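Worksheet for the structure shown next.
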Amino acid sequence: MKKLLSILVMAMLAFGISSCSSDDVPGDGSGRGSDGEFVDPVNDEPEFLEGTGQNPRHESAMKTTESNGAEITRDSDGGIKWISFMGNSNAAPASAKDLFNKYMKLDLDENFRLYRQETEDWMEDPLTLECYQQQYKGVIVFGAGYNVRFRHGKVNDCNGLYVKIDNLDITPAFDLQKAKEIFAKYLKVPVEEIGAGNIMAWFDDALMIVEFPVSKGSSQWAPRLVYGLYGTMEYAFIDAHTGRILQTWPTWIN
């Protein structure tokens, strides 16, 4: 009888261990359980704490060359950071559309959203500014876009950043309300205290694309679909596919 009882206890312990994953999240880590439904992740702290570091292409040395009458500065990934026609106005395009098409091989309407346009009439030699936010299939890309400046009807110069994105799934695994619940649980506050968007000036989009390391400590970065949320004291990026809190930072500046 004692032998039979021991066997039963051991069997129960074995079943209990095998039925729990290492992080208590069922499924394959994609944010969905074995039945395809989204499951709450265990995320006691942000996946990327302060000190994650900068994207390597922002830290690497820039390279400046001349091409088609323009002075072009590129980052280590080959992305254009700055274009100037100040030394050769004859080569300058007459529109941002022509600029993006000729020098970046990008379709302006597909890849960018014009959100600001103004002319500095107070200047002796007026300058017109056009600001473009990068988007991917209609979803804005955090921290990416270009400011294009014009003089005398031609592009004077342009600066900014473009993020290469290939085949990113822009369909979230859960809705905005669920994202708010995840952040509220993390902050231990009522979900009514959680707001969405307003992380970027000029935009109130909650769903956006942000670059992060592919894993902790990795020097390789890649775009992710996230929800941008805020509480009373903190902002947060939450992975819209897995539900994990990727990063938080204060809503105030010391």
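Everything numeric in this text was worked out from a predicted model, so none of it was measured.
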Ring pair (Phe, Tyr, Trp, His ring centres under 6.0 Å) assessment of Y103 paired with F85:
CA-CA 12 Å; Y103 291 91; F85 297 94; 5.4 Å; yes
Once rounded to the nearest 0.5 Å, what's the spacing between atom CG of L108 and atom OH of Y132?
5.0 Å
Please tell me whether W202 and F142 are part of a single hydrophobic cluster in this structure, the criterion being side-chain heavy atoms less than 4.5 Å apart.
yes
Got a second to check how far K81's NZ is from L161's CG, nearest 0.5 Å?
5.0 Å
Let me see the working for V163 and Y136 under side-chain contact (heavy atoms from CB on, under 4.5 Å), right down to the final yes or no.
CA-CA 10 Å; V163 176; Y136 176 76; over 6 Å; no
Between D157 and R149, is the closest basic N to carboxylate O distance under 4.0 Å?
yes
Shared hydrophobic cluster for V189 and L229 (ILVMFWY, side-chain gaps under 4.5 Å)
yes
Which word best sums up how the rings of F212 and W221 line up, parallel for under 30°, tilted for 30 to 60°, or perpendicular for over 60°?
parallel
I'd like to know if the side chain of T251 and the backbone of T232 have a donor-acceptor N/O pair within less than 3.5 Å.
yes
What distance separates I182 CD1 from Q177 CD, expressed to the nearest 0.5 Å?
11.0 Å
State plainly whether one hydrophobic cluster holds both L114 and M104, where clusters connect Ile, Leu, Val, Met, Phe, Trp and Tyr through side-chain heavy atoms under 4.5 angstrom apart.
yes
Around K97, counting heavy atoms of other residues, nucleotides and ligands shown, do more than 12 lie under 6.0 Å from its NZ?
yes
With distance as the sole test, does D169 use its side chain to make a donor-acceptor pair with the main-chain N or O of T171 at under 3.5 Å?
yes
Distance in Å, T128 OG1 paired with R151 CZ, rounded so as to fall on 0.5 Å steps:
9.5 Å
Given Y227 and F183, is the ring pair (Phe, Tyr, Trp, His ring centres under 6.0 Å) satisfied, shown in steps?
CA-CA 10 Å; Y227 283 111; F183 193 34; over 10 Å; no
Rounded to the nearest 0.5 angstrom, the CZ-NE2 distance for R224 and H241 is 11.0 Å
Hphob cluster co-occupancy, W82 + Y162, side-chain heavy atoms under 4.5 angstrom:
no
